[in-house]
Peer 1: 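A single structure is presented below for examination.
Here is how names work: the chains are called A, B, and so on, in the same order as the sequence lines, proteins then strands, and each is numbered from 1. For the numbers below, each heavy atom of this structure counts, side chains included, while hydrogens, waters and symmetry mates do not.
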2 protein chains.
Amino acid sequence: MKQSKRRRLEAKGWKFGSAKEFVNLTDEDVEYIELHLSLATLLKKRRQSLGYTQTEVAALISSSQSRVAKMEAGDPTVSVDLLIRALLALGVNRRQVGRAMGAALPA
Amino acid sequence: MKQSKRRRLEAKGWKFGSAKEFVNLTDEDVEYIELHLSLATLLKKRRQSLGYTQTEVAALISSSQSRVAKMEAGDPTVSVDLLIRALLALGVNRRQVGRAMGAALPA
DNA sequence: TCTCAATATGTCAGAACTGATATATGTATG
DNA sequence: CATACATATATCAGTTCTGACATATTGAGA
């Protein structure tokens, strides 16, 4: 896997295994992170296309603005479960969620 | 939504809101549960097609046989994150995971 | 520049999830 | 039937995730 891709992911705060000098991501790890980021990206796009603020979305899903911000930022402390629940709350169906999961990441 | 579908889901142990007399699932809740069960089904099929036991899969993903059993059974205490990580560990890529998420449930 | 709404970042107690363990229930084979 | 292996179910302490809160940063208008 590409160095550039690693750095892009690490910048979000993702860290695996021994963070000694250099992170060692397996292909599965990368697959998981990219999937996570794909959902984060969709959430942000969906919210914006609906014209909602993060605060409004937070209310919709009984969460908080700060957590919605973290969701959209691809923060590692946010679970895929939460991302999916947020998307469903914004009217995305599971087929669309699945589609997004497999989509290529924006550069 | 159909009564039969509700009962099928409730049987797995899924409960929402006030369990007073009758469960009240929103469409989003159902969408989430079905997505969850779709992944559980894929995991079981994938494991079986690879000829692994639950114990072997557990070792692969640093988990336990009992948790793998719960994963495959669609137990509500299993997160979608864990299901996805298990699938990735069995060589399913994120596109395939996404595809499965949107698939119709077996009757 | 100042203001203000939106978004981002850091922290933490409580809630949810996890692996481990024990044990029960299959389900074959001898 | 017993033994053996696979799977299911229950429980629980330790870990992770969560909403809430505080605060910082950004961006657009006046």
Peer 1: Grab the NE2-C1' distance between A:His36 and D:dT16 for me, whole Å please.
Peer 2: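 Result: 14 Å.
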
Peer 1: Just to be sure I understand the geometry, which residues of residues 46-61 of chain A put a non-hydrogen atom under 4.0 Å away from DNA chain D?
Peer 2: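 Those residues: none at all.
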
Peer 1: Identify the two heavy atoms, one from A:Asp81 and one from B:Ser79, that lie closest to each other, and give their separation to 0.1 Å.
Peer 2: OD1-CB, 3.5 Å

Peer 1: Could you give the distance from CZ (A:Arg95) to CZ (B:Arg99), rounded to the nearest 0.5 Å?
Peer 2: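 Between atom CZ of A:Arg95 and atom CZ of B:Arg99 there are 10.0 Å.
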
Peer 1: Below 4.0 angstrom, which residues in residues 65-78 of chain A have at least one non-hydrogen atom near DNA chain D?
Peer 2: A:Ser66, A:Arg67, A:Thr77, A:Val78

Peer 1: Which heavy atom in A:Thr77 sits nearest to a heavy atom in A:Lys70, and how many Å separate them?
Peer 2: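 Where A:Thr77 meets A:Lys70 most closely, the heavy atoms are OG1-CD, 4.3 Å.
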
Peer 1: What is the minimum heavy-atom distance between B:Ala89 and B:Ile61, and which atoms define it?
Peer 2: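 What the structure gives for the nearest pair is CB-CG2, 3.4 Å.
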
Peer 1: Between A:Glu31 (side chain) and B:Asn93 (backbone), is there a donor-acceptor pair under 3.5 Å?
Peer 2: no

Peer 1: Would you list the atom pairs, donor with acceptor, under 3.5 Å between side chains in residues 42-49 of chain B and any protein atom, with sequence neighbours excluded?
Peer 2:
{"residue": "B:Arg46", "atom": "NE", "partner": "B:Leu90", "partner atom": "O", "Å": "2.9"}
{"residue": "B:Arg46", "atom": "NH2", "partner": "B:Leu90", "partner atom": "O", "Å": "2.8"}
{"residue": "B:Arg47", "atom": "NE", "partner": "B:Glu72", "partner atom": "OE2", "Å": "2.5"}
{"residue": "B:Arg47", "atom": "NH1", "partner": "B:Tyr52", "partner atom": "O", "Å": "2.9"}
{"residue": "B:Arg47", "atom": "NH2", "partner": "B:Glu72", "partner atom": "OE1", "Å": "3.1"}
{"residue": "B:Arg47", "atom": "NH2", "partner": "B:Glu72", "partner atom": "OE2", "Å": "3.4"}
{"residue": "B:Ser49", "atom": "OG", "partner": "B:Arg46", "partner atom": "O", "Å": "3.0"}

Peer 1: Rounded to whole angstrom units, what separation is found between the CG atom of A:Leu83 and the P atom of D:dT16?
Peer 2: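 For the pair A:Leu83 CG and D:dT16 P, the rounded distance is 19 Å.
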
Peer 1: What's the shortest heavy-atom distance between A:Ser38 and A:Ala103, and which atoms?
Peer 2: OG-O, 3.4 Å

Peer 1: Is it possible for you to check whether B:Arg85 lies under 6.0 Å from the centre of the six-membered ring of A:Tyr32, through NZ or CZ, and within 45° of that ring's axis?
Peer 2: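 Judged by the rule (NZ or CZ under 6.0 Å from the ring centre, within 45° of its axis), B:Arg85 counts as positioned above A:Tyr32.
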
Peer 1: Once rounded to the nearest 0.5 Å, what's the spacing between atom CZ of A:Arg94 and atom CG of A:Leu88?
Peer 2: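 Between atom CZ of A:Arg94 and atom CG of A:Leu88 there are 10.0 Å.
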
Peer 1: At what angle, to 10 degrees, do the two end axes of the helix from C:dT1-D:dA30 to C:dG30-D:dC1 meet, given five pairs define each axis?
Peer 2: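 Inter-axis angle at the termini of the helix from C:dT1-D:dA30 to C:dG30-D:dC1: 40°.
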
Peer 1: Check whether A:Gln65 reaches the backbone of A:Gln54 with its side chain - one donor and one acceptor, N or O, closer than 3.5 Å.
Peer 2: no

Peer 1: For B:Asp81 and D:dT15, what is the distance between atoms CG and P respectively, to the nearest whole Å?
Peer 2: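 Roughly 19 Å, once rounded to whole Å.
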
Peer 1: Mind checking the CG-CE spacing from A:Leu87 to A:Met71? Nearest 0.5 Å is all I need.
Peer 2: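 Spacing of CG (A:Leu87) from CE (A:Met71) equals 9.5 Å.
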
Peer 1: Contact class for A:Ser63 (heavy atom, under 4.0 Å): base, sugar-phosphate, or nothing?
Peer 2: sugar-phosphate

Peer 1: Quick one: how far along DNA chain C does chain A reach, first to last nucleotide 5' to 3', anything under 4.0 Å to a heavy atom?
Peer 2: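 First and last nucleotides in contact are C:dA6 to C:dT11.
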
Peer 1: Does B:Asp29 offer a backbone N or O that forms a donor-acceptor pair with the side chain of B:Trp14 under 3.5 Å?
Peer 2: no

Peer 1: Identify the two heavy atoms, one from B:Leu83 and one from B:Ala40, that lie closest to each other, and give their separation to 0.1 Å.
Peer 2: CD2-CA, 4.1 Å

Peer 1: I need the minimum non-hydrogen distance between A:Leu37 and A:Gly74, along with the two atoms involved.
Peer 2: CD2-CA, 3.6 Å

Peer 1: Going 5' to 3' through nucleotides 25-30 of chain D, assign each nucleotide B (protein heavy atom under 4.0 Å from a base atom), S (under 4.0 Å only from sugar-phosphate atoms) or - (no protein heavy atom that close).
Peer 2: ------

